[in-house]
Amino acid sequence: MNRLSIFILPAVLIVLLAVPLFVEDSYIRHLFIVAFMYAVLASNWDLSLGYTGLFNFGHMTFFGVGVYTAAIAAKTLGVDPWLAIPLSGVTAALSALLIAAPVARLKGIYVVLVTFAFSQLVLQLILSQSQITGGGEGMVRLPYLRLGDYSFIRDYKLGYYYVALGMLTLSTLFLTALVSSPFGKSLKAVRDNEDYARARGISITRQRIAVLVLSAIFTGVAGGFYAIYLRVASPEALGFGTMSLTLSMVLIGGVGTIWGPVIAALILIFATEAFAGIRGMEEARFIIIAVAMILVLRLAPGGVLALLNRLTNSTLGR
Amino acid sequence: MTEAMIATILSGLVLGSLYAMMASGLSVVWTTLGVFNFAHGALMTLGAYVAWTISEYLGLGLAAGMVAGTLAAALAGIVIERLLVRPFYTNRNMLLITVMTTLAAMIIIEKGTQVIWGPRLKQLPRIADGELFIFGSAISVHEALIVLIAPVTLIALWAFTARTLTGRSLRAAGQNQTAAALIGIHVPHAYGLAYALSAGLAGFTGVLLGSIRFLTPTLGSEPLVKAMTVVILGGLGSLGATAGAAFVIGFLEAFLVLTVGLYWTPSLLFLTMIVVLIFRPNGLFGGRS
């Protein structure tokens, strides 16, 4: 992992920075933008699910809150989209604080049930408050990003590409700094041996609240960005489709890592888009993703990153 | 006002009966295997669609459809247990892993029904037509039958798990795997049976629901969330607690729809659940473990 982060990852960033020089096709760039967005979602989810071992199945709530915050702020209230996107991070963190209060006291399966039920509740609220959220139709024609007179959609989405990459870079730096901090180490301690960690004076309640709130920040920002980029806010943001795709990224990338889900997001977005091009596969591709999730859990529980590490270690003579 | 109250009570009875049937299936799998089956709602959908194919598409009648739907769901349950749950019995993170594998199963079934049966709305016929009038309030005969079927099914389920040798072996396997194996219970068989029983119950409930609502691939997802609310409130431990919580939720929901309307009901139900959990983290009827 360390070797990977020191040598390979800056190289990856440089390659990604250079991609628009070689790829002029606006559809391919769109796929990269969506992949960056999912990478933020998946890696932040892994902070609570994988790193902390908190059975959070309501992560999409934070994303959905972000999507609708940006949409309502930018369209209904006329806030500048540049402000609406970070605002999404704030409201998502607040919604995390709301659910964290009961979740912090619960154990095991009840955490799954309450977080999942919470996401369904937010979905119900969005659907029923149609005069604010547009209900099942969602909100369309949201304001887009511009700098002076320059619209970010121009030059084949060049501006959006770099905004998305910037967001992913910030989120990843934030996550890696977090997990290598003393706080991050205490998270691992609780996951691996709760009783011992508690005996060493770690407050599990406080930790869980902190993790949920911290993992919601960039998830909300990603939601806000997604709404402004696509110029649409729809209830599908909280649906099973988005959730299963993101969960499969966490699993396939490797639970308990930050980089695994990022890599998996890039692979899976391009793979599923390739499937979507085949007639009759629009729905069936989700079946393939689900099967892939099961296969990873059965055959390679460490995910892609564990396989990669094994490969790099063996080629470097370890 | 009294008429509205009677209508509310009747509606609460119907909802409670349906929730009790859904949630008791979840409870059977939980108490025996320690697995929360996210595919439970999707199994309801599957049962309803298979019943529709037999009864409407092939024209063999509702009774045949009901049996086929129940059996198809039970069979799917056995497959899920075999392929998605059994390989992880010895895993330390079994609880979390099976949440994810059954979630995957849910996606496969839900998208599968969409691919096989298409997105067009379908509906199952009712068991019986007509309406009953109880103190001046109308209730369809079909819904009245659900209110009767639910307690009978629940009592049968309770009698099976508490009074028969096979049923008791499920509980034994749930309480202590090793000890159960020592006294000659084939634990994997017990697990498979529990899953089949729960899934069959889900399929049967799906058939009953398919005559009240339209069949869509997501037919089971909203009931699953309700069943979750029920098991959170009642605790997953015992059938009695689950059934009790189901009727509490059913009546509460009917009452909320009457007083605050359809839009705010889900939020208030959720709020109730959170308040209960803050004071009783093991559920309303759950013990202090």
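All figures in this text were calculated on a predicted structure; none of them were measured in a lab. A note on names: the letters A, B, ... follow the listed sequences, proteins ahead of strands, and every chain is numbered from 1.
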Structural part of B:P87 lying under 4.5 Å from a heavy atom of chain A: side chain
Over 12 foreign heavy atoms within 6.0 Å of CD, A:E236: no
Contact class of B:S267 relative to chain A, heavy atoms under 4.5 angstrom: both
Exceeds 12 heavy-atom contacts within 6.0 angstrom, atom CD of A:E137: no
Test log, rule side-chain contact (heavy atoms from CB on, under 4.5 Å), inputs B:Q114 and A:F286: CA-CA 11 Å; B:Q114 196 164 343; A:F286 289 106; over 6 Å; no
Between B:E110, B:M106, B:M273, the one whose heavy-atom pairs under 4.5 Å with chain A are most numerous: B:M106
Test item: A:L125 and B:W264 side chains (from C-beta on) under 4.5 Å apart, heavy atoms: yes
Side chain proximity check, B:V231 to A:I109, heavy atoms < 4.5 angstrom: no
Contacting moiety of A:L121, where chain B heavy atoms sit under 4.5 Å: side chain
Which portion of A:F118 sits near chain B, non-hydrogen atoms under 4.5 angstrom: both
Heavy atoms of other groups near B:Y89 OH, more than 12 under 6.0 Å: yes
Which portion of B:T218 sits near chain A, non-hydrogen atoms under 4.5 angstrom: neither
Sub-4.5 Å side-chain heavy-atom contact between A:V112 and B:F36: no
Nearest-0.5 Å distance, CD1 of residue B:I107 to CD1 of residue A:I288: 13.0 Å
Residues, nucleotides or ligands: over 12 heavy atoms within 6.0 Å of A:F270 CZ: yes
Closest non-hydrogen atom pair between A:A290 and B:A104, with its separation: CB-O, 3.6 Å
Enclosure of A:K188 NZ (heavy-atom neighbours >12, cutoff 6.0 Å): no
Gap separating the CG atom of B:L83 from the CZ atom of A:R298, nearest 0.5 angstrom: 6.5 Å
Closest approach of B:M100 to A:M293 (non-hydrogen atoms, all atoms of both residues): O-CE, 3.9 Å
Pairwise distance NZ(B:K111) to CD1(A:I287) - rounded to 0.5 angstrom: 8.5 Å
Euclidean distance, B:L224 CG relative to A:Q120 CD, rounded to 0.5 Å: 8.0 Å
Minimum heavy-atom distance B:F88-A:L297, with the two atoms named: CE2-O, 3.5 Å
Derivation of the side-chain contact (heavy atoms from CB on, under 4.5 Å) call for B:L103 and A:M243: CA-CA 10 Å; B:L103 203 61; A:M243 178 181 168; 3.7 Å; yes
Chain B contact via A:R191 - side chain, backbone, both or neither, heavy atoms under 4.5 Å: backbone
Residue pair A:I294 / B:I108, side-chain heavy-atom distance below 4.5 Å: yes
Residue pair A:F55 / B:L95: nearest heavy atoms and the distance that separates them: CE1-CD2, 3.6 Å
Validation row: A:F57, B:L96 side chains within 4.5 angstrom (heavy atoms): yes
Heavy-atom contact with chain B under 4.5 Å, split by part of A:I99: side chain
